[in-house]
Visitor: 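This is the structure I want to talk about, given as structure tokens.
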Amino acid sequence: MGKFDILDEVFERSLKSTHIFRNREVLRHDYIPERLPHREEQIRHLGGVASPVLRGSRCSNIFIYGKTGTGKTAVVKYVLNRLAYKSCELGAPVKVCYVNCRLVRTEYRILSSLCDALNIKIPFTGLAVGEVFERFKSGLDTQKLLFISVLDEIDELIKMRGDSLLYELTRMNEALQYSKISIAGISNDLRFKEFLGPRVLSSLSEEEMVFRSYNASELKDILLERAMIAFNDEVLSDGAVSLCAALAAAEHGDARRALDLLRVAGELTEREGTKNIEEKHVREAEKRIEYDRITEVLWNLPLHSKLTLFSVYILGKAKLNSAITGDIYEIYCEICEQLEIKPLTQRRVSGLINELDVIGLLNTRVVSLGRYGRTKKIRLGITRSFIRKVFIADDRLGHLISHTPQCLVRISRGKN
DNA sequence: TGTCCACTGGAACGTACGGCTT
DNA sequence: AAGCCGTACGTTCCAGTGGACA
């Protein structure tokens, strides 16, 4: 019975403490609001580009780019939702499919998502990509539709797999008799066009739209708009909103970031039991978001990446300002031995180091030490206390954190 | 001036897995 | 059951390299 009393208390407190939020959902990034401030022009433009489908003709392919959190996805979803609704009203044969290429990473699965939108069943794996493509094509043609496929974060697809799928999609209309397909590509990366072949580029950019970043005052408008729905009256201080906007604007005008700051600040205020979201909560939120982000990444790292990162940490104990690949590999091997794990090859570990560099956990730089070879200088990209805090909670690595490997002594002696 | 270190990073290939088609 | 297929993760091999040092 005692257990339930404790929980009752927690639940009660949680129920009572709803005085901050009215509707938390509104602050999530995937929420599409009724109004999108400072994007009226883009909405009008995209609406104009897409509208021919309502009259039964194919709309132009469109290429949309702008940095993260500039409202690209929101505008596209907003416009196409309305378009789908309108086409239902008019009985126009229009279908829209949204695919995020960062989440759906392979050509196979992208095609299978497109098929899904047409109710064509495709097995999870097992078919040749060409086969899936054929099924999509013939399925689309029999359904006699104007199909708009939105490929969000398309730069991820191109960088990983090249532009062949995009090429096939853009020239698919030639083979379609009763249906037509249009493509809307959304990219976060402004330089992404360089990766496209000329044929794909010209075909995809029949229309183009650029979403520039929001400035602080625009971000503030966006936040206020959402805050009206998200929070109860009189909860949010003007200073807190301005600070969220300013911090996000300083980064690169990312509305997502601004909304995150506001939401977390609200949650912190709620947990603290106070009534107003102040600037200090926003500052606290900024720290919290960063902390959570890194902790999550560290926690989910594959074993050998963890061991590699851990080796860099251990090497840092010797107070060398930066380590080189060979030293790290030596320590890595010793740690593997202690944990009775078979070590990977140095080539592979070198690759893992590069991956850790990309996600910002390590900083690396290729240097030539002349007579002493060419290698990488490697430093931690995050604070030591961070690694310590996370790894000490790891049941396999925790007890090694204060242990000094034998080879470390030799390495540091060699350097001094 | 040439040598040679300690790697880097590309490429091809191997293995395991899940899951379809035939 | 055998044959494919895509994906993830590794290994093996090796040409290439910037610059300190003899």
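Here is the naming used below: chain letters follow the sequence lines, and residue numbers restart at 1 for every chain.
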Visitor: For a quick test of your reading: what N or O donor-acceptor pairs under 3.5 Å do the side chains of residues 351-361 of chain A make, sequence neighbours left out?
Guide:
| unit_1 | atom_1 | unit_2 | atom_2 | d |
| --- | --- | --- | --- | --- |
| Asn354(A) | OD1 | Lys376(A) | NZ | 2.5 |
| Asp357(A) | OD2 | Thr364(A) | OG1 | 2.9 |

Visitor: Let's see if you can work this out: which of dT3(B), dG9(B), dA6(B) has an atom nearest to the side-chain heavy atoms of Thr375(A)?
Guide: dA6(B)
Visitor: Can you measure Lys377(A) atom NZ to dA6(B) atom C1' for me and round it to whole angstrom units?
Guide: 14 Å
Visitor: Identify whether the distance between the nearest side-chain nitrogen and carboxylate oxygen of Arg28(A) and Asp30(A) falls below 4.0 Å.
Guide: yes
Visitor: Glu208(A) and Tyr65(A): side-chain donor and acceptor closer than 3.5 Å?
Guide: yes
Visitor: Atom CD of Gln346(A) to atom C1' of dA6(B): distance rounded to whole Å?
Guide: 8 Å
Visitor: Name the pairs: protein N/O against N/O of nucleotides 20-22 of chain B, kept only if under 3.5 Å.
Guide:
| unit_1 | atom_1 | unit_2 | atom_2 | d |
| --- | --- | --- | --- | --- |
| dC20(B) | O4' | Thr125(A) | O | 3.3 |

Visitor: For Arg347(A), answer base if it contacts any base atom (sugar-phosphate contacts may also be present), sugar-phosphate if it contacts only those atoms, and nothing otherwise; contact means non-hydrogen atoms under 4.0 Å.
Guide: base
Visitor: Any luck finding a side-chain donor-acceptor pair between Thr70(A) and His252(A) under 3.5 Å?
Guide: no
Visitor: Whole angstrom is fine here: how far is it from CZ in Arg348(A) over to C1' in dT15(B)?
Guide: 14 Å
Visitor: Give the intermediate values and the outcome of salt bridge (charged side-chain N to carboxylate O under 4.0 Å, His left out) for residues Lys137(A) and Glu134(A).
Guide: CA-CA 5 Å; Lys137(A) 192 160 71 181; Glu134(A) 287 306 316; 3.6 Å; yes
Visitor: Atom CG of Leu307(A) to atom P of dG10(C): distance rounded to whole Å?
Guide: 11 Å
Visitor: Tell me: CD1 of Ile353(A) to P of dC7(B), nearest whole Å?
Guide: 10 Å
Visitor: Considering heavy-atom distances to DNA chain C, does Arg374(A) or Leu369(A) have its closest nucleotide positioned more toward the 5' end?
Guide: Arg374(A)
Visitor: Under 6.0 Å from the ring centre and within 45 degrees of the ring axis: does the NZ or CZ of Arg39(A) meet both conditions for the six-membered ring of Tyr214(A)?
Guide: yes
Visitor: Is there a donor-acceptor pair under 3.5 Å between the side chain of Lys72(A) and the backbone N or O of Gly66(A)?
Guide: yes
Visitor: Starting at atom CZ of Arg365(A), determine the distance to atom P of dT8(B), rounded to an integer number of angstrom.
Guide: 14 Å
Visitor: Nearest-Å distance, OH (Tyr108(A)) to P (dT7(C))?
Guide: 9 Å
Visitor: Nearest of dC7(B), dC21(C), dG9(B) to any side-chain atom of Tyr372(A)?
Guide: dC21(C)
Visitor: Below 30° counts as parallel, above 60° as perpendicular, anything between as tilted: where do the rings of Tyr291(A) and Phe386(A) land?
Guide: parallel
Visitor: In plain terms, say whether Arg44(A) and Glu41(A) are close enough for a salt bridge, that is, a side-chain N and a carboxylate O under 4.0 Å apart.
Guide: no
Visitor: How close or far is atom C1' of dG9(B) from atom CG of Leu352(A), stated in whole angstroms?
Guide: 14 Å
Visitor: Check each residue of residues 329-344 of chain A for a non-hydrogen atom within less than 4.0 Å of any atom in DNA chain B, then write out the ones that pass by number, or none.
Guide: none
